[in-house]
Participant: 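Would you mind keeping the following structure in view while I ask a few things?
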Amino acid sequence: MTYRGKLHVIASAAGHLFELYANGSFPVFEAEWKPSWQISANKFSKKYYMLLQQLSKKASLFVNACDYDIEGSVIGYNIIRFFGDIKRAKRMKFSALTKDEILKAYNSMSELDYPYINAGIARHYVDWLWGINVSRFLMRSLHKVSKKRITLSAGRVQTPTLYEVISKEFKRETYVPEPYFRIKLTVTLGSIPYSFTLSKIFENKKDAEKVAELLKKGYLEVVKVERINKTLERPPPFNLGDLQAEAGRIFGFSPYKTERVAEELYLEGLISYPRTNSQKIPPSVNVEEIIKELGKGPYGFLVSKLNSMVVGGRYLIKQGKEEDPAHPAIYPTGEKPGKITKDALKLYELIVRRFLASASGDANINSIKVVTRVHPLEYVEELNFQSVVNPGWLSIYTYTQVKSFQGYIDIKEGTKIPISKVSIALEISKPEARYTKVSLLKWMEKVGIGTEATRGNIIEILFKRKYLSQKGKYIYPTPLGISIVNVLKENFPELVSVKLTTEMENMLKDVQRGKIDKDQAIELVKRKLSEYFTKYSNIEEKIGLALAKPLGLVKYEKCEICELEAFKDKLCEWHFEALKNLKEKINLWKIRTGYSEGVIIKKLYKSSATGIYTKEVIKKYFLDDVSHAN
DNA sequence: GCAAGGTC
Ligand SMILES: [Zn+2]
């Protein structure tokens, strides 16, 4: 384009066109930037590379207009320094690809942003040095012992993620639930029988029985009735993490799949840039125009619903808390979908409904809180009944359903409600849930490792390495994954912890502020790794052996129940822990319930709260006894 | 071949 009398040529990169690269030696501390297309099997970036190289020959000024974050700064810097001239270069900064923001950024462009560039370069080196060297160390060690070449890896993001799955799973699968008792009452509300469980917890069955006996002659007295009108606020538009969570919940998509399909929609021009953490839509996005366009398409009926809710004709998008330096939240462009896959259409509709919901109205809920005294005891019990009086956004975003109490509640202060039935319920404690791909991604988000663009993929890498496996929707570690974590935790403790990322980010901030030089920061990592590998030159066999065992490449003493290495009493650490927990908890069960061991074992074996390793221990050592005894 | 980060 010609603007203000000057010819401007705008050409796009496609992510990093250059990557760090070195030969195959070990340890390796020197790396150079090399064109991505020369390294990777995928040559897609070559055409972008060639074009930018050609155009750069004729340019008098170079402007980096990549994403306004440290990666965007590195992407543009590398292109300018390898093809152009960093002395004739500028930086544009904007957080949404809208006319307003682009014009503003154009009119206020700055010199090249070295604080960001240097921090970005340091980030690349730190990850490369740790990842390449430790991965090579693992593979060399295994090769020494087994002569096998098997791809193994470790890294700042993938290793803490693997460690998290394993530590959570260790607790989950060796879990033995504890018993407790609660009292269930059935009363008549108006003309409807209504059952609920008293909140009071009884550790021992006998205590619960005593109280239940008293309640048979008891009643509920209504102490207070409160009617509260609550609002259920409409949700903000999607960032990628929320989209991945919802597509997982609703369609069963993995986070990686959602990211891929979202990219497809983006390239089709149907949605805005998907790899964003923002839940906000800035005023520079023309929401009115987008909704008008959507109204003409297949989702026009949703726009009609929306318009019936909005007063005054102005849409007010609910803004979320999460932010992104380079992009707004995900929104539909208003373009009509052409021929796209079934999955793409599902995801598109989800994004459309969420966007329209964020522009619609909050739902109104009528909630009745009934405070009762349970006679003849002094328990105060709260009963809550809610019904949706105005669905608002719930009628557009129909993936979220709110239960409504059906029926009329005719009670007021002083009303006495007879108890028609009393029973005792055995309840058991619940363990923390197993990870799914989605909940693992949410964990990564929470602790702050990885980015929108990488989290889904890094989870898939752990599966490709056969460190993790999936059954149904749940994730389980493999023996190889367990050995990898054991080896890394013992020898490179930094690498299993999220702290490595926190500390790296602090270091990057110092580089940005000029408190330390990027080369100094990189040097510190090299020194640390160098010390490690000098120290470990004579333990490669030991480490190789630990990795060869789960791969079945060497003989070793196995657990009596599984393939893991025996740890104590012919059991692996996991089965040993499960047996220990089980023995302790059986006693607790006996005291609290008065059940025989046989009954307890059967209940535990049947319960979904009991861990897998616990069940295997039960099967091996207890179950036969039980069937003989009976 | 190996990381994590871009994007195809
Ligand atoms: Zn075992």
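All of these numbers come straight from a predicted model, not from anything done at the bench. A, B, ... follow the sequence lines: proteins, then strands. Residue 1 opens every chain.
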Participant: Let me spell it out: for each of A:A13 and A:M139, pick the nucleotide of DNA chain B with the closest heavy atom. Which residue's pick is nearer the 5' end?
Facilitator: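 Nearest nucleotide further toward 5': that of A:M139.
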
Participant: Among residues at least two apart in sequence or on other chains, which ones pass salt bridge (charged side-chain N to carboxylate O under 4.0 Å, His left out) with A:E503?
Facilitator: none

Participant: Could you note down all residue pairs passing salt bridge (charged side-chain N to carboxylate O under 4.0 Å, His left out) where residues 110-124 of chain A supplies at least one of them, sequence neighbours left out?
Facilitator: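 Matches after skipping sequence neighbours: A:E71-A:R123, A:K90-A:E111, A:R91-A:D113, A:R123-A:D127.
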
Participant: Specify the separation, in whole Å, of atom CG of A:N133 and atom C1' of B:dC2.
Facilitator: 10 Å

Participant: Can you tell me if A:T454 uses its side chain to pair, donor with acceptor, with the backbone of A:T451 under 3.5 Å?
Facilitator: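 Looks like yes, one N/O pair under 3.5 Å.
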
Participant: Going by number, which of residues 119-126 of chain A have a non-hydrogen atom under 4.0 Å from DNA chain B?
Facilitator: A:R123, A:H124

Participant: Is A:K257 close to A:V261 at the side-chain level, that is, under 4.5 Å between some pair of heavy atoms?
Facilitator: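 With C-beta onward as the side chain, the pair touches.
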
Participant: Select one nucleotide: of B:dT7, B:dG1, B:dG5, the one nearest the side-chain heavy atoms of A:R136.
Facilitator: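 Taking heavy atoms from C-beta onward, the closest nucleotide is B:dG1.
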
Participant: B:dA3 P sits how many Å from A:W33 CH2, rounded?
Facilitator: 16 Å

Participant: For A:K466 and B:dG1, give me the distance from atom NZ to atom P, rounded to whole Å.
Facilitator: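 That distance rounds to 16 Å.
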
Participant: For A:R465, report the nucleic acid contact type (base, sugar-phosphate, nothing); a contact means any heavy atom under 4.0 Å.
Facilitator: sugar-phosphate

Participant: Taking salt bridge (charged side-chain N to carboxylate O under 4.0 Å, His left out) as the definition, give me every residue that meets it alongside A:E293, ordered by chain and number, with sequence neighbours left out.
Facilitator: A:K296

Participant: Can you list every pair that meets ring pair (Phe, Tyr, Trp, His ring centres under 6.0 Å) and has a residue in residues 84-113 of chain A, with sequence neighbours left out?
Facilitator: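 Sorted result for residues 84-113 of chain A: A:Y3-A:Y106, A:H8-A:Y106.
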
Participant: According to a strict under-4.0 Å criterion, is A:S45 in side-chain N/O contact with OP1 or OP2 of B:dG6?
Facilitator: no

Participant: Between A:K46, A:Q54, A:K47, which is the residue that forms a side chain to side chain contact (heavy atoms under 4.5 Å, CB included) with A:M50?
Facilitator: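 Of the listed residues A:K46, A:Q54, A:K47, the side chain to side chain contact (heavy atoms under 4.5 Å, CB included) partner of A:M50 is A:K46.
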
Participant: Within less than 4.0 Å of OP1 or OP2 of B:dG5, is there a side-chain N or O belonging to A:T454?
Facilitator: yes

Participant: From CD1 of A:I461 over to C1' of B:dG6, roughly how many Å is that when rounded to an integer?
Facilitator: 14 Å

Participant: Touch check for A:W128, heavy atoms < 4.0 angstrom, all strands: base, sugar-phosphate only, or nothing?
Facilitator: base

Participant: Name the atoms and distances for all side-chain donor-acceptor pairs under 3.5 Å in residues 518-526 of chain A, with sequence neighbours left out.
Facilitator:
from, atom 1, to, atom 2, distance (Å)
A:Q520, OE1, A:D517, N, 3.1
A:K526, NZ, A:F29, O, 3.3
A:K526, NZ, A:E30, OE2, 3.3

Participant: Taking the side chain of A:R275 as heavy atoms from C-beta outward, which of B:dG5, B:dA3, B:dT7 is closest to it?
Facilitator: B:dT7

Participant: Taking DNA chain B as the partner, which of residues 16-30 of chain A come within under 4.0 angstrom of it by heavy atom?
Facilitator: A:H16, A:E19, A:L20, A:G24

Participant: Can you list, by residue number, the residues of residues 141-166 of chain A that have a non-hydrogen atom closer than 4.0 angstrom to DNA chain B?
Facilitator: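 Per residue number, the list reads A:T151, A:L152, A:S153, A:A154, A:G155, A:R156, A:V157, A:Q158.
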
Participant: Which whole-number value in Å describes the distance from A:L129 CG to B:dG5 P?
Facilitator: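 The answer, rounded to whole Å, is 15 Å.
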
Participant: Under the salt bridge (charged side-chain N to carboxylate O under 4.0 Å, His left out) rule, collect the residues that match up with A:R140, sequence neighbours excluded.
Facilitator: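 Scan of A:R140 (salt bridge (charged side-chain N to carboxylate O under 4.0 Å, His left out), adjacent residues dropped) gives A:E540.
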
Participant: Give every residue pair that meets the ring pair (Phe, Tyr, Trp, His ring centres under 6.0 Å) criterion with at least one member in residues 498-525 of chain A, sequence neighbours excluded.
Facilitator: none

Participant: Check the distance between B:dT7's P and A:Y256's OH and give it to me in whole angstrom.
Facilitator: 14 Å

Participant: Sorted by first residue and then second, give each salt bridge (charged side-chain N to carboxylate O under 4.0 Å, His left out) pair with at least one member in residues 237-251 of chain A; sequence neighbours left out.
Facilitator: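 Every pair satisfying salt bridge (charged side-chain N to carboxylate O under 4.0 Å, His left out) with a residue in residues 237-251 of chain A: A:D242-A:K442, A:E246-A:R249.
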
Participant: How close or far is atom P of B:dG6 from atom CG of A:N277, stated in whole angstroms?
Facilitator: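 Whole-Å distance recorded here is 12 Å.
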
Participant: A:E460: which residues meet the salt bridge (charged side-chain N to carboxylate O under 4.0 Å, His left out) condition with it, sequence neighbours left out?
Facilitator: A:K437

Participant: In whole Å, I'd like the distance from the CE atom of A:M504 to the P atom of B:dA3.
Facilitator: 16 Å

